[in-house]
A.B. asks: 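Have a look at this one.
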Amino acid sequence: MNNKAVKKGLFPYVFLFVFIIVCLFVFKMFDSKVNELTYDEFIEKLNSGTITELTITPKTRTDTYEIIGKLDGYAENETFILSLPRSDEFISKVTDGEEQHNFKLTINTDPEASSWLLIAINVLPIAILAGATIWLFTRQVGGNNKSMDFGRSRAKLLEDGTKTTFKNVAGLTEEKEEVQELIDFLKNPKKFQSMGARIPKGVLLVGPPGTGKTLLARAVAGEAKVPFYYISGSDFVELFVGIGASRVRDMFKQAKMNAPCLIFIDEIDAVGRQRGTGLGGGHDEREQTLNQLLTEMDGFGANEGIIIIAATNRPDVLDPALLRPGRFDRQVTVALPDKNARAEILKVHAKNKILDKSVTIENLAKRTPGFSGADLENLLNEAALLAVRRNKKAISMAEIDEATDRVLMGPAKVTRKYSEKEKKLVAYHEAGHAVLGLKLDGANDVQKITIIPRGHAGGYTMMTPKEEAFNYTKKELLESISGLLAGRVSEEIVFGEITTGAHDDFKKATKIARSMVTEYGMSDLGPMMLEEPSGSTFLGRDYNKNRNISDTVAHEIDEEMRKIINDCYKVATKIITENRKLLDLIANTLLEEETITKEQIDYLVEHGHLDKDNEETDNKETNDIKADEKVDANKKEDKDKKDDKKSTK
């Protein structure tokens with residue numbers, strides 16, 4: 001039991017203790033001194049005229065008078081009391097004394113004559129005590145019974161699931177067609193049953209993060225207008241063995257009572273991993289949960305009208321029994337959007353954004369290859385935040401470019417200062433990438449070059465594919481490697497020395513070269529699959545990679561990789577040497593402008609200088625960016641100074 005539960009269990013007792021203390025304190029405050037008098041003493045005080053107040057209350061049950069009063073000389077809270085048998089003679093004596101000495105006399109009615117008051121006095125305390133006892137008892141029993149809630153399903157019913165439809169899903173045309181059958185079945189199951197068709201029991205949505213798998217599942221429920229239960233794969237696994245399986249049973253029990261319905265399991269790889277594998281051995285609780293899920297989906301029981309949609313970005317680690325026909329019959333790949341799909345997604349996210357006339361959705365879609373739907377939404381949001389910060393009425397291309405840089409590389413490091421030598425090194429390094437991109441047909445298009453530090457990079461060259469393709473030729477891959485090595489080549493040619501700035505370029509180039517040798521069969525080793533990537537790593541090593549090769553073949557792989565890299569390095573050296581003037585032109589322009597775009601690069605290559613007409617506009621936008629960055633830097637510097645002063649004090 002955790003501390004929070006202990007505090008919650010002790011609360012009633014602490015409250016009761018505090019309540020008693022407060023009551024005793026209040027009673028003590030209002031406590032008064034009471035003196036008991038005999039009948040003779042009372043008559044003496046009555047005749048002597050020392051009584052100042054007198055209250056007589058008849059008691060029916062005991063046939064007596066209860067007499068309470070004050071005497072001359074008593075303190076404020078001091079009284080006397082006595083009880084006498086009821087008689088008319090006593091009342092006449094009191095009234096005569098009141099006429100002679102003129103004291104305050106009050107004669108009450110019998111309070112015991114009211115049955116409601118009698119019940120309140122005698123029954124109410126007992127009822128309060130009984131209620132408090134029952135309340136404390138039920139809380140304790142309820143706390144013990146909470147352990148039974150572990151086996152209840154954590155699946156939540158989405159109340160507004162029908163509000164999301166295919167109109168809210170952009171760019172997934174083929175994927176929506178794949179799940180359209182599920183909607184038709186949920187609306188009219190008899191049409192399929194009459195034909196003898198069996199609708200898929202489960203649909204697995206596979207794709208990278210942020211591509212819209214969860215949104216697509218919600219849209220299916222919205223189109224079909226059926227109950228939509230959603231749960232995460234991690235909600236099944238608990239510390240106690242058997243809890244996950246119990247939750248699976250309870251989830252399907254609830255679904256059967258609301259059939260036809262949809263169950264959406266997000267990140268199913270958390271519970272559906274292949275059994276009997278892993279570095280640390282199997283997990284009994286997870287395997288029992290998976291076994292129960294397999295039984296419920298396609299076991300001896302029938303789940304009519306229940307369709308399960310699951311999502312994952314790791315289909316390679318799922319158990320084969322989960323993917324067989326009868327369970328997850330169909331896999332729908334939700335891939336990264338192409339240019340047309342990105343344009344549709346941008347239109348959806350740009351509905352509530354004010355875009356400048358210079359910003360076109362088609363151009364923006366072309367500039368963002370490899371972006372997921374979530375990335376595109378984040379891009380427009382960052383651009384809107386920048387426009388607000390700059391007090392602009394619309395989002396211009398300057399904000400779009402800056403937002404793209406922020407999403408890809410992080411915010412600019414304006415506090416990081418270059419030396420003149422280092423700045424020149426970075427400029428020639430990035431200019432080398434640009435020269436190869438301009439001169440090689442298979443290399444990517446240069447969209448932007450900057451020497452402003454961002455993230456871990458001192459500068460970078462944004463390059464996008466000329467055409468989006470599923471397959472790449474050997475020539476295109478080799479030219480991509482040459483483009484990556486061009487930064488190091490330009491450093492060596494211009495300065496006669498090399499720096500550490502090309503480490504990320506080498507990482508990418510080595511990955512492409514190894515894939516060419518071990519996966520694509522693009523080397524002298526022949527068309528063979530020498531390594532099968534699994535996509536999962538542990539501490540930088542891929543333990544699940546299948547390597548059915550000898551040490552000799554492994555050595556040959558290394559030799560082939562080295563040959564590819566060296567040949568591409570020679571190509572990059574030749575092209576940069578032949579285009580040294582272009583290299584100097586781009587590098588010197590970078591030293592002056594710090595950032596140049598594709599349009600400026602094209603004009604620079606054609607005319608040998610930048611366009612003076614657009615230079616003022618570009619400088620204004622660049623100055624806006626620098627001004628914002630300086631403001632952020634000044635704020636940070638002021639904050640550091642304040643912190644230093646506080647620490648000094």
Side-chain angles (χ1 to χ4, degrees), residues 148-166 168-169 175-176 178-189 199-207 212-238 242-272 285-286 288-299 301-313 318 322-323 326-332 334:
M148 303 301 294
D149 292 339
F150 278 120
R152 299 293 302 275
S153 172
R154 297 291 179 89
K156 299 177 182 178
L157 179 62
L158 189 64
E159 298 294 340
D160 58 345
T162 57
K163 294 183 180 180
T164 304
T165 62
F166 282 163
N168 305 108
V169 182
E175 290 81 356
K176 287 188 283 189
E178 285 290 322
V179 297
Q180 184 64 43
E181 289 181 358
L182 305 180
I183 300 170
D184 296 338
F185 171 76
L186 291 170
K187 288 182 176 180
N188 188 12
I199 201 69
K201 292 185 177 180
V203 176
L204 184 64
L205 303 179
V206 180
K213 299 184 291 293
T214 304
L215 181 64
L216 182 62
R218 292 182 60 177
V220 172
E223 290 287 337
K225 293 183 173 58
V226 296
F228 179 71
Y229 291 92
Y230 66 97
I231 191 172
S232 174
S234 60
D235 289 332
F236 291 109
V237 183
E238 282 284 354
I243 296 299
S246 176
R247 288 179 178 174
V248 172
R249 287 191 294 268
D250 189 65
M251 179 180 69
F252 277 89
K253 181 181 178 181
Q254 293 181 26
K256 289 176 184 177
M257 293 188 294
N258 293 278
C261 67
L262 278 172
I263 298 176
F264 176 62
I265 305 177
D266 197 11
E267 304 296 343
I268 194 173
D269 53 276
V271 69
E285 166 62 4
R286 182 178 57 78
Q288 289 190 24
T289 306
L290 176 59
N291 292 336
Q292 187 63 43
L293 181 62
L294 297 174
T295 304
E296 292 289 344
M297 289 189 68
D298 188 23
N303 294 318
E304 297 294 337
I306 301 176
I307 295 178
I308 301 178
I309 301 178
T312 181
N313 53 7
L318 296 180
L322 198 63
L323 303 177
R327 288 181 179 136
F328 283 103
D329 306 76
R330 183 175 299 176
Q331 291 190 29
V332 178
V334 186

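All heavy atoms count here, side chains included; hydrogens, waters and symmetry mates do not.
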A.B. asks: When rounded to the nearest 0.5 angstrom, what distance separates CG in Leu293 from CE in Met251?
C.D. replies: 6.5 Å

A.B. asks: Would you please name every residue forming a side chain to side chain donor-acceptor pair (under 3.5 Å) with Asp269, sequence neighbours left out?
C.D. replies: Thr312

A.B. asks: How close do Gly207 and Asn313 get, heavy atom to heavy atom, and via which atoms?
C.D. replies: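 Looking at all heavy atoms of both residues, the closest pair is O-CB, 3.1 Å.
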
A.B. asks: Nearest 0.5 angstrom please: Ile309 CD1 to Phe228 CZ, how far?
C.D. replies: 6.5 Å

A.B. asks: Tell me the closest heavy-atom pair linking Val206 and Lys213, and the distance in Å.
C.D. replies: C-CD, 4.1 Å

A.B. asks: Identify, with sequence neighbours excluded, every residue that meets salt bridge (charged side-chain N to carboxylate O under 4.0 Å, His left out) alongside Asp184.
C.D. replies: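 Asp184: no salt bridge (charged side-chain N to carboxylate O under 4.0 Å, His left out) contacts found.
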
A.B. asks: Kindly indicate whether the side chain of Phe166, heavy atoms from C-beta on, has any atom under 4.5 Å from the side chain of Gln180.
C.D. replies: yes

A.B. asks: Calculate, to the nearest 0.5 Å, the distance between atoms CG and CD1 belonging to Leu318 and Ile268 respectively.
C.D. replies: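 Here the rounded value is 6.5 Å.
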
A.B. asks: Can you sort out the partners of Glu175 under side chain to side chain contact (heavy atoms under 4.5 Å, CB included), two or more places apart, ordered by chain and number?
C.D. replies: Leu172, Leu216, Val332, Val334

A.B. asks: Can you name the nearest heavy-atom pair linking Arg327 to Leu294, along with the distance?
C.D. replies: NE-O, 3.1 Å

A.B. asks: Donor-acceptor pair, Lys176 side chain versus Ala219 backbone, under 3.5 Å?
C.D. replies: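 No.
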
A.B. asks: Measure across Arg330 and Glu178 and return the closest heavy-atom pair with its distance rounded to 0.1 Å.
C.D. replies: NH1-O, 3.0 Å

A.B. asks: Can you measure from CG (Asp329) to CG (Leu204) and round to the nearest 0.5 angstrom?
C.D. replies: 11.0 Å

